[in-house]
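Report on one structure; see the data block that follows.
Order of listing sets the numbers, starting from 1, for every ligand and every atom in it. None of the values given here were measured: they were computed from a predicted structure.
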Amino acid sequence: MLIARTLAELRQHLQRFNRPAFVPTMGNLHQGHLDLLRQAKPLGDVLVASIFVNRLQFLPHEDFDSYPRTFEDDCAKLRSQGCDVLFAPDEAELYPQPQTFKVQPDPALADILEGQFRPGFFTGVSTVVMKLFTAVFAGQAQGVAVFGKKDYQQLMVIRHMVRQFALPIEVVGVDTSRAPDGLALSSRNGYLSANERAEAVHLSMALRQLGQEALACGTELPNLLKQLEAQAIEYLRQRGWQPDYLCVRRRLDLQAPLVGDALVVLGAAKLGTTRLIDNIEV
Ligand code: PAF
């Protein structure tokens, strides 16, 4: 596996390929990332991953400084999945000057749900992903980028960005990898104490339950939605969580569903000091 630290090294190395398959990450890789890499591998003629903890997508009180950095371990995991090229720039390489030009996603999509609780998050994500895309795909006629559905809203924002800027990139969403008890795999699960880890599965349980109830409402869903969501929030609150949102939305654009829409149930809640997010398509 070639480790490129600079844009120039990366571009020079990728010149000889026609269709990179790219998995961007912030490192601290777990089975979920490995599943993304495994699915990405056959989609291109070179498998590229990146590790970059992107300051732009963290709020001042969030865990940028303490975000786990496990580079050697990550490299071993990437090699085990046949990763050909790792792009691992330092901050000065990707942000040589303060990043004053930014990719501003549509507020209708980016200022709801996660964006409501993490203002600017999707601007930070879109900006770094655009930079990573120009790094990996510059000069390529086409490419494929693979993202987890665990970050459902992120995946939608990136899809819209690619479409609106007419980037020659196919965006592939991969189903969420889960622990045997159903907890969605996430780097932040590592922050949970043993008790919190045992409790953590209740987020996905609450989402699943909310999804079942939403489906059972049939044509009454628009009228009953707020009540069902409030019940799901109360369920987690009673168990000691601090929920930000548990919402039933239509998959198409994450707006409130109309009768007949395909649904996704999304949630974010804090358990102790750890904020977890998850979603379930129903
Ligand atoms: O999902 C992530 O790990 C990050 O948001 C991403 C896409 C690598 C951008 O920093």
Side-chain angles (χ1 to χ4, degrees), residues 4 7 10 20-37 39-40 47-59 62-71 73-74 77-78 81 83 85-91 93-95 99 102-105 109-110 113-115 117-137 143-162 165 167 169-177 184-191 266 268 274-279:
L7 292 159
L10 178 73
F22 176 44
V23 181
T25 83
M26 297 205 299
N28 193 230
L29 303 182
H30 51 67
Q31 188 56 45
H33 294 108
L34 303 192
D35 292 343
L36 297 184
L37 288 155
Q39 300 216 29
L47 178 58
V48 184
S50 64
I51 295 180
F52 182 71
V53 185
N54 173 38
R55 187 187 290 276
L56 288 190
Q57 69 190 72
F58 288 78
L59 287 170
E62 292 184 338
D63 53 346
F64 175 77
D65 288 326
S66 57
Y67 198 84
R69 287 154 173 93
T70 51
F71 190 73
D73 245 44
D74 291 346
K77 288 179 178 154
L78 290 170
Q81 296 305 310
C83 181
V85 180
L86 168 61
F87 181 45
D90 64 15
E91 273 204 295
E93 180 66 15
L94 220 51
Y95 298 130
Q99 185 71 28
K102 300 209 173 122
V103 179
Q104 193 78 56
L109 180 59
L113 304 166
E114 278 304 281
F117 290 90
R118 303 179 74 190
F121 173 70
F122 289 113
T123 300
V125 168
S126 304
T127 302
V128 78
V129 170
M130 183 64 106
K131 289 197 94 156
L132 293 168
F133 279 179
T134 58
V136 172
F137 299 116
V144 52
V146 176
F147 292 83
K149 284 193 188 174
K150 155 95 177 4
D151 298 298
Y152 201 87
Q153 194 176 359
Q154 168 174 282
L155 173 61
M156 293 200 65
V157 167
I158 301 300
R159 277 194 201 286
H160 280 242
M161 180 179 87
V162 163
F165 288 104
L167 305 177
I169 299 167
E170 183 190 344
V171 177
V172 173
V174 169
D175 287 339
T176 303
S177 304
L185 299 187
S186 161
S187 298
R188 291 190 168 103
N189 293 351
Y191 297 153
L266 306 104
T274 307
R275 186 172 183 277
L276 301 178
I277 69 168
D278 198 356
N279 67 81

By salt bridge (charged side-chain N to carboxylate O under 4.0 Å, His left out), which residues pair with Asp35, not counting sequence neighbours?
-> Arg38

Run the numbers for me: atoms of ligand 1, each under 4.0 Å from some heavy atom of Val128, listed by number.
-> 9 (C), 10 (O)

What atoms of ligand 1 come closer than 4.0 angstrom to any heavy atom of Thr25?
-> 8 (C)

Are the side chain of Arg55 and the backbone of Phe64 linked by a donor-acceptor contact shorter than 3.5 Å?
-> no

Apply ring-ring contact (aromatic ring centres under 6.0 Å, His included) to Phe133 and list each qualifying residue two or more places apart in sequence or on a separate chain.
-> Phe137

Examine the proximity of ligand 1 to Leu132 and report which part, side chain or backbone, both or neither, has a heavy atom under 4.0 Å away.
-> neither

May I ask you to list the atoms of ligand 1 that are less than 4.0 angstrom from any heavy atom of Gln154?
-> 1 (O), 2 (C), 4 (C), 5 (O), 7 (C)

Please confirm whether the backbone N or O of Leu29 pairs with a side-chain atom of Lys77, one donor and one acceptor, at under 3.5 Å?
-> yes

Counting both backbone and side chain atoms, is some N or O of Gln57 under 3.5 Å from an N or O of ligand 1?
-> yes

If you look at every heavy atom in Thr176 and Ala184, which pair is closest and at what distance?
-> CG2-CB, 3.7 Å

